[in-house]
Amino acid sequence: MGRYSEIGDKKACEAYIAQQLCDCTSCDGNFYVCNLIGGFPIVRVLCACLVILLCLSCDSAEPLEQENEQPCITKDKTVVERISGMAVSPAVQPEFPIPTPQQLEWQRDELYLFIHFGINTFTGDEWGDGTASPKVFNPPSVDVDQWVRIAKEGGFKGVILTAKHHEGFALWPTKQSDYSIQQSPWEKGQGDVVKLLAEACRKAGIKFGLYLSPWDRYEPTYGTPAYHDFFVAQLTELLTDYGPVFEVWLDSARDPSVQFEYDFERYFRTIRQLQPDALIANLGPDIRWVGNEIGEVPERQYSFVNDSWWYPVECDVSIRPHWFWRGNEDSKVKSSTELLNLYFGCVGRNGVLLLGTAPNRDGVIPEQDEVQLLRFNSRLKQIFEKNLIETETIRASSERDTEKWGAQHILDASPLTFWIAEEGDYSASIEVSVPSCQSLNIIELKEPIQFGQRIDWHRIEVERGGRWQTVVESSTIGYKRLHQIPEQRGSRLRITVRSADSSPALEFIGAYFSPSLEIDARVRRYHLFPK
């Protein structure tokens, strides 16, 4: 998936763009006229432009400040201050689009755990067909405290639970179906996995999210208009009975033999009404699916589409060959080195990593998974513990207001300060010193995305013996860019922005060395390495 015109439910996502620009009735109605025209993408684009013009000229267009509604994304300081958490200097203007506060916090969290648990855990299926008896779901315990402990100790800022997968078996006592844990022998039919995990997350201080499959292979109303009422009713149960939800994950899996379209627009409205701070992922308007399940973000990765819609990318990938637990896969759990390469290939390319793990039939995350998850976090901390860049010598070819936005701010690790080039200077460079006796093989770059994503192309050079040698020639940066390079020794690094949509800005530069880091071929192929 990429741009909104390529998403399965174009109408819902296009309508959301219009809603972000304006919430006036007349403009909203005009946008739906554009949808009805249908046809070629260029027609929809022209219509969208017309609607935007109408929104800008409409007397009734006012920013949304009502409860349960998001603010209009307009180009004013108030919105930027609300989103970035900092006062806006007249000398620095955002490059729109920019993230919402929820999107910004979500991106900075970097890592979430995707927990797959349910009737498939006991049948061995990946996609159940709704015929398995609820009686097979009977774990001796469901140790959600262990799940949450592993998540927290592993560096994950939240968990997302598969409350219901495609077979339709609900992990909470839903009133909408007779296919749930109420019909299972676990806890004599009185249990509630969703409640247990939500409470455990709140107790541990990490975020709680939910996956709910729109495809339900058990529900008899599937494929009829009545199914939309059923699905919304289940959404309502989940989003009203279990406290704050930070992310709602929906996918497009469906019965290929049934001509049936999900009413995503209605689903989105329900989520916005019940959990206004929740981000809607995968097919939703807030978070974009990367388009694969191997944890690899493309080399050139923007967090926006069509220059108007902030739409960051999320990578969902399992630590095992399958999403649900299978006993014969205990020896196939990804190693900490493989998890590190997922981190570099996803978070290190401007994405967020949603890593899947699966409790077993005992209701606990297997030891094999736990060991690798905790080792992964330990190695991450070790790698990024010491920034080799020296503070004494930092020089920029261009900067504005040295005290507020000078190059010295790239080392303070604060997201509220950064370096930015002079107005109108779309290519600039920064030189930093590193200990000449110290090897390095990782370089980290970060943009202050609360002011937008600006950089299109950049180069990294190392000075050795008075000569500059290119070690990286690459494209976008975004929230975070991690470059793995062959071991280098030099006295200085130079980061040159060759192309940007506006004056380039960097929030942070880091250089590190990890003697045990293995360069993944998928990551390595994108860089220009010296022979």
Side-chain angles (χ1 to χ4, degrees), residues 7-9 11-12 115-139 142 160-195 197 209-242 245 248-275 280-284 322-324 358:
I7 294 174
D9 196 82
K11 185 175 179 180
I115 296 181
H116 281 65
F117 185 61
I119 202 167
N120 292 344
T121 307
F122 297 86
T123 63
D125 294 326
E126 187 74 349
W127 285 18
D129 60 8
T131 61
S133 170
K135 304 299 182 183
V136 304
F137 184 86
N138 192 23
V142 176
I160 297 176
L161 173 68
T162 53
K164 185 189 75 172
H165 208 251
H166 309 326
E167 81 292 329
F169 183 79
L171 289 180
W172 77 101
T174 178
K175 297 177 182 178
Q176 314 308 319
S177 173
D178 61 359
Y179 197 49
S180 76
I181 55 173
Q182 286 179 295
Q183 287 73 45
S184 78
W186 178 67
E187 296 291 324
K188 298 180 180 180
Q190 302 300 309
D192 189 337
V193 177
V194 177
K195 180 180 180 180
L197 185 56
L210 288 165
Y211 166 104
L212 185 66
S213 171
W215 188 15
D216 191 317
R217 304 179 77 175
Y218 178 84
E219 172 56 34
T221 64
Y222 181 85
T224 73
Y227 180 77
H228 302 308
D229 296 331
F230 165 83
F231 187 78
V232 166
Q234 286 202 323
L235 262 181
T236 300
E237 289 178 346
L238 289 171
L239 300 182
T240 56
D241 296 343
Y242 299 102
V245 172
V248 179
W249 222 87
L250 305 175
D251 63 25
S252 61
R254 63 188 66 222
D255 186 341
S257 67
V258 178
Q259 292 295 320
F260 181 61
E261 294 297 326
Y262 300 130
D263 192 353
F264 280 114
E265 190 175 337
R266 182 181 174 191
Y267 308 160
F268 296 165
R269 285 200 309 268
T270 301
I271 297 168
R272 285 282 186 261
Q273 179 183 2
L274 300 175
Q275 294 277 348
I280 309 174
N282 194 9
L283 286 179
H322 292 89
W323 289 102
F324 286 92

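Every heavy atom of this structure was used, including side-chain atoms; hydrogens, water molecules and symmetry mates were not. Worth saying up front: this structure is predicted, and the values here are computed from it rather than measured.
With hydrogens and angles ignored, the 3.5 Å screen pairs a side-chain donor or acceptor of Gln183 with a backbone N or O of Ser180. In this structure, Asp125 contributes its side chain and Asn120 its backbone to no donor-acceptor pair below 3.5 Å. In this structure a side-chain-to-backbone donor-acceptor pair under 3.5 Å is present from Gln275 to Val245. With hydrogens and angles ignored, the 3.5 Å screen pairs a side-chain donor or acceptor of Glu126 with a backbone N or O of Trp323. Here the side chain of Thr240 pairs a donor or acceptor atom with the backbone of Thr236 at under 3.5 angstrom.
In terms of heavy atoms, Leu283 sits closest to Ser252 at CD1-CB, 3.2 Å. Contact record, Pro214 with Tyr222: O-CE1, 4.0 Å, taken as the closest heavy-atom pair.
Side-chain contact annotation: Asp263 with Tyr227, donor-acceptor N/O pair under 3.5 Å absent. There is a side-chain donor-acceptor pair under 3.5 Å between Asp192 and Tyr242. Side chain to side chain, Gln176 and Thr174 fail the donor-acceptor criterion of an N or O pair below 3.5 Å.
For the pair Phe260 and Asp255, the minimum side-chain heavy-atom distance is 4.5 Å or more.
Here the two rings, on Phe324 and Phe122, have centers that are 6.0 Å apart or farther.
Checked options Ile181, Asp241, Leu210; the residue passing with Val194 is Leu210 (criterion: side-chain contact (heavy atoms from CB on, under 4.5 Å)). Each of Phe230, Trp249, Phe231 was evaluated against Tyr267; a single residue qualifies, Phe231, per the ring pair (Phe, Tyr, Trp, His ring centres under 6.0 Å) test.
Distance check, rounded to the nearest 0.5 Å: CZ of Phe268 to CG of Leu235 gives 10.5 Å. In this structure, OG1 in Thr162 is found 8.5 Å from CD1 in Ile115, a value given to the nearest 0.5 Å. Here the straight-line distance linking atom CG of Leu212 with atom CD of Glu237 works out to 10.0 Å at 0.5 Å rounding.
Taking the six-membered ring for Trp and thresholds of 30 and 60 degrees, Trp127 and Trp215 have ring planes more than 60 degrees apart, a perpendicular arrangement. Using bins of under 30°, 30° to 60° and over 60° for the plane-to-plane angle, the ring pair Trp186/Phe137 lands in the perpendicular bin. Taking the six-membered ring where tryptophan is involved, the planes of His116 and Tyr211 are tilted, since the angle between them lies from 30° to 60°.
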